[in-house]
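Since the structure comes first, as structure tokens, the remarks are kept for the end.
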Amino acid sequence: MTQSVVTEAPATEADVPSTGSDPRVRWVLLAVGLVAALALPWFVYPPVAMDIVALALFAIALDILLGFTGLLSFGHAAFWGSSAYVTGLIATHYGAPFPVAVLAGAVFAMILALPIGYLSVRRSGIYFAMVTLAFAQMVYFIAYQWSGLTGGENGLQGVPRTFFGIDLVETESFYFYYAALPIILLGMWGAWRIVHSPFGRVLMAIRDNSQRARALGYEVEKYKVIAFVLSAGLTGLAGGVFAINHGFVALTELHWSTSGEVVLMTVLGGIGTLWGGILGAFLTVMLADYLASSGFQGIDLVTGSVFVLVVLLFRRGVWGTVRHRYLARRLRRATRRGAADTRE
Amino acid sequence: MTAGERVAVRTRALTKEFRGFRAVDSVDLAVREGSVHALVGPNGAGKTTLFNLLTGFVAPTSGTITVFDQDVTGRPPEQVARCGVARSFQITSLFETLTSREHVELALQGHTRDGFRFWRSEKLLGRNRARVDDLLAQVGLLPLADKPVGLLAYGQKRALELSLVLAVDPPVMLLDEPTAGMGIEDVDRTIELVRRIAVGRTVVLVDHNMHVVGSLADRVTVLQQGRILAEGTYDEVRNDERVITAYLGEAEHA
Ligand SMILES: Nc1ncnc2c1ncn2[C@@H]1O[C@H](COP(=O)(O)OP(=O)(O)O)[C@@H](O)[C@H]1O
Ligand SMILES: [Mg+2]
């Protein structure tokens with residue numbers, strides 16, 4: 001094999017990476033996303049709009065692990081649901097303004113995630129998924145058994161929506177949406193910050209090749225635990241807002257099917273993209289809402305089929321595919337330009 | 001290149017069995033500080049396994065490993081790396097979606113605590129720009145710095161492997177077949193590069209190319225079937241009867 005160190009390899013579409021988008025495009029996307037978030041309750045029933053953005057944050061938080069660290073957690077309902085309960089309990093028993101209750105829920109989720117993460121990250125692949133699932137099931141059964149506190153099967157009823165005595169926010173879902181949106185946006189910004197930090201770079205290295213990351217001196221397990229706890233914290237923010245939005249916490253928030261749904265949303269939108277989680281949550285909730293309002297019975301069947309179709313047709317998910325096409329085109333242009341430069 | 005009196009890496013009766021098969025068999029190796037020490041031997045002799053043992057990727061069945069008199073037997077790879085041992089991989093081992101620049105930045109960050117700063121901008125990684133550029137230029141990758149490595153040619157990936165070891169700037173470097181699959185010019189360039197970086201460092205080198213071994217190594221250890229067959233200078237080893245029959249002969253007649 002004789003090739004020079006600087007020989008160009010052909011750019012094929014299959015190899016286009018997940019890094020390096022145009023900063024201008026990023027700003028445009030951000031502006032469009034913000035406008036969409038602000039306009040959403042004008043077009044969608046406000047409580048549903050709130051569900052969409054809360055689930056979007058949930059999916060994004062999961063994506064930190066799934067798309068950026070390469071860890072499939074199948075137990076994130078534990079953090080979503082436990083934060084929902086803690087948020088609900090604090091709002092109920094202490095009359096705390098909801099942002100405070102939500103924050104407490106998120107902190108609780110992080111504390112819970114520390115031992116679970118510590119014990120899970122030593123496994124990888126499907127074993128990691130199974131261990132996280134097992135822990136989440138434990139949390140589910142504790143909540144189920146401890147009905148004096150959680151209401152058991154009946155759920156936690158009558159969670160108040162307290163917001164510094166501002167009546168409109170407390171009674172009108174439309175205004176509540178705008179009061180709670182900053183928490184969600186803050187969480188999304190946090191996810192973006194984490195992914196685009198020195199820490200995030202290490203996570204991507206671990207995802208691509210954890211052994212190589214070790215050889216460079218990175219303590220892979222420690223990074224994974226921290227990523228796990230951060231992801232749980234953002235999940236907790238989302239779960240807390242969700243609880244306040246409904247004024248009620250159902251036991252299903254802790255159920256494994258909730259863990260499964262968020263994985264589906266994230267994969268549907270496209271993992272390792274952040275935006276994909278938002279799109280996945282939007283599409284899933286809108287589809288379920290449309291089917292429910294048209295009195296259709298087999299919602300899960302339809303959403304499941306849509307999921308299978310999308311994953312078969314676009315294995316990178318909806319957003320992932322759009323982004324990939326865009327990056328591939330940019331790269332082909334750059335390569336052509338580069339080839340022209342070297343010929344000169 | 002002068003070798004000091006201290007021993008940088010020492011193994012005692014180091015043995016690794018894979019399901020009863022001894023890939024590395026009672027190896028006593030002493031790599032002197034500041035030397036370039038080559039490990040040669042036919043395919044399957046156990047060179048890569050020895051590297052894996054030295055860097056903590058594989059735990060020994062028995063025996064000990066010390067780095068500058070510090071016992072590192074059984075330590076995980078990241079801890080051995082933090083003792084000042086960096087390695088390149090025979091089979092290119094990179095982060096496929098990251099660019100060369102991002103690789104080198106990660107390598108530079110590896111021995112700091114900056115990697116934990118999830119609240120800082122990734123620009124923090126880019127603050128050693130001049131050093132990163134220099135490292136990439138040394139291996140000829142600067143023009144391709146911002147290309148994801150998944151798109152690089154084989155020889156370019158080999159070069160990046162080397163620059164990652166350089167970036168870590170370790171007292172001890174283990175290079176597993178750094179010139180494998182390279183063309184003649186690149187091999188000569190790599191020899192020059194290793195010669196340059198070997199100054200003031202200890203290098204353990206595996207290479208099948210005898211030209212590489214001959215021009216770089218102060219000392220050569222020949223492995224065969226997991227055991228040390230011979231050790232000495234390149235010329236001593238080259239003229240050793242057992243080595244000629246076991247390895248060099250085979251290579252020269254092949
Ligand atoms: N993880 C492993 N499991 C089983 N056998 C292995 C493993 N790694 C290496 N070996 C065996 O050990 C022997 C030495 O391999 P290796 O160290 O790669 O040799 P070299 O690098 O000298 O070509 C080979 O016979 C190989 O098949
Ligand atoms: Mg080998």
Side-chain angles (χ1 to χ4, degrees), chain A residues 1-20 64 67-68 70 190-223 226-227 229-230 272 327 331 334-335 338 341-342, chain B residues 55-57 76-82 86-89 93-99 102-103 105-107 109-112 114-122 124-125 139-141 143-144 146-156 158-159 164 167-168 181-186 189-190:
Chain A
M1 225 198 228
T2 43
Q3 57 199 159
S4 156
V5 173
V6 285
T7 323
E8 291 270 335
T12 62
E13 217 184 294
D15 303 321
V16 177
S18 61
T19 54
I64 292 178
F68 291 91
W192 177 83
R193 176 74 289 160
I194 290 165
V195 165
H196 296 282
S197 71
F199 178 76
R201 177 80 58 83
V202 179
L203 294 188
M204 290 187 234
I206 290 172
R207 171 194 68 192
D208 284 1
N209 189 343
S210 65
Q211 294 298 72
R212 190 59 166 117
R214 270 182 228 282
L216 292 179
Y218 290 106
E219 297 152 287
V220 169
E221 275 81 24
K222 237 183 238 178
Y223 281 89
I226 296 172
V229 170
L230 292 172
L327 285 177
L331 191 81
T335 311
D341 287 349
T342 43
Chain B
T55 49
F57 279 89
E78 59 272 25
Q79 276 187 34
V80 179
R82 281 158 179 263
R87 72 177 290 187
S88 71
F89 289 77
S93 176
L94 298 168
F95 311 116
E96 288 292 304
T97 61
L98 304 183
T99 66
E102 288 169 337
H103 274 78
E105 286 170 353
L106 270 170
Q109 186 190 247
H111 56 272
T112 70
D114 286 355
F116 289 114
R117 305 198 177 178
F118 57 81
W119 58 93
R120 295 289 302 272
S121 162
E122 64 192 332
L124 190 67
L125 278 157
V139 294
L141 282 177
L144 301 167
D146 296 311
K147 215 168 162 181
V149 300
L151 302 179
L152 296 185
Y154 180 78
Q156 295 164 347
R158 297 303 303 162
L164 293 187
V168 176
M182 280 189 181
I184 305 286
E185 328 88 81
D186 291 338
R189 233 171 62 141
T190 307

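Letters A, B, ... are given to chains in the order of the sequence lines, protein chains preceding strands, and every chain is numbered from 1. Since the structure is predicted, the reported quantities are computational estimates derived from the model, not experimental observations.
For chain B, the nearby part of A:Ile226 is the side chain; its heavy atoms alone come within less than 4.5 Å. Looking at B:Arg82, only its side chain comes within 4.5 Å of chain A, counting heavy atoms on both sides. Using a 4.5 Å cut-off between heavy atoms, B:Ala86 makes no contact with chain A at all. Only the side chain of A:Leu230 has a heavy atom closer than 4.5 Å to any heavy atom of chain B. For B:Ser121, the parts lying under 4.5 angstrom from a heavy atom of chain A are both the backbone and the side chain.
Between B:Ala81 and A:Ala215 the shortest heavy-atom distance is CB-O, 3.4 Å. Across A:Pro198 and B:Asp114, no two heavy atoms sit closer than the pair CB-O, 3.5 Å. Heavy-atom minimum distance, A:Val202 versus B:Gly115: CG2-CA, 4.1 Å. Annotation for A:Asn209 and B:Ser93: closest pair ND2-OG, 2.7 Å, computed over non-hydrogen atoms. Closest non-hydrogen pair, A:Arg201 versus B:Glu105, comes out as NH1-OE1, 2.9 Å.
Note on ring orientation: taking the six-membered ring where Trp is involved, the planes of B:Phe118 and A:Phe199 are perpendicular (angle over 60°, cut-offs 30° and 60°).
Put simply, the residue from B:Leu94, B:Val149, B:Leu98 that forms a side-chain contact (heavy atoms from CB on, under 4.5 Å) with A:Asp208 is B:Leu98.
Comparing B:Arg117, B:Arg87, B:Gln79 by heavy-atom pairs within less than 4.5 Å of chain A, the highest count is held by B:Arg117.
Rounding to the nearest 0.5 Å gives a distance of 9.0 Å between CD of B:Glu78 and CD of A:Gln211.
For the pair B:Phe95 and A:Arg212, the minimum side-chain heavy-atom distance is below 4.5 Å.
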Check the pair A:Tyr218, B:Leu106 against side-chain contact (heavy atoms from CB on, under 4.5 Å), reporting the backbone distance first and the verdict last. CA-CA 9 Å; A:Tyr218 290 106; B:Leu106 270 170; 3.6 Å; yes

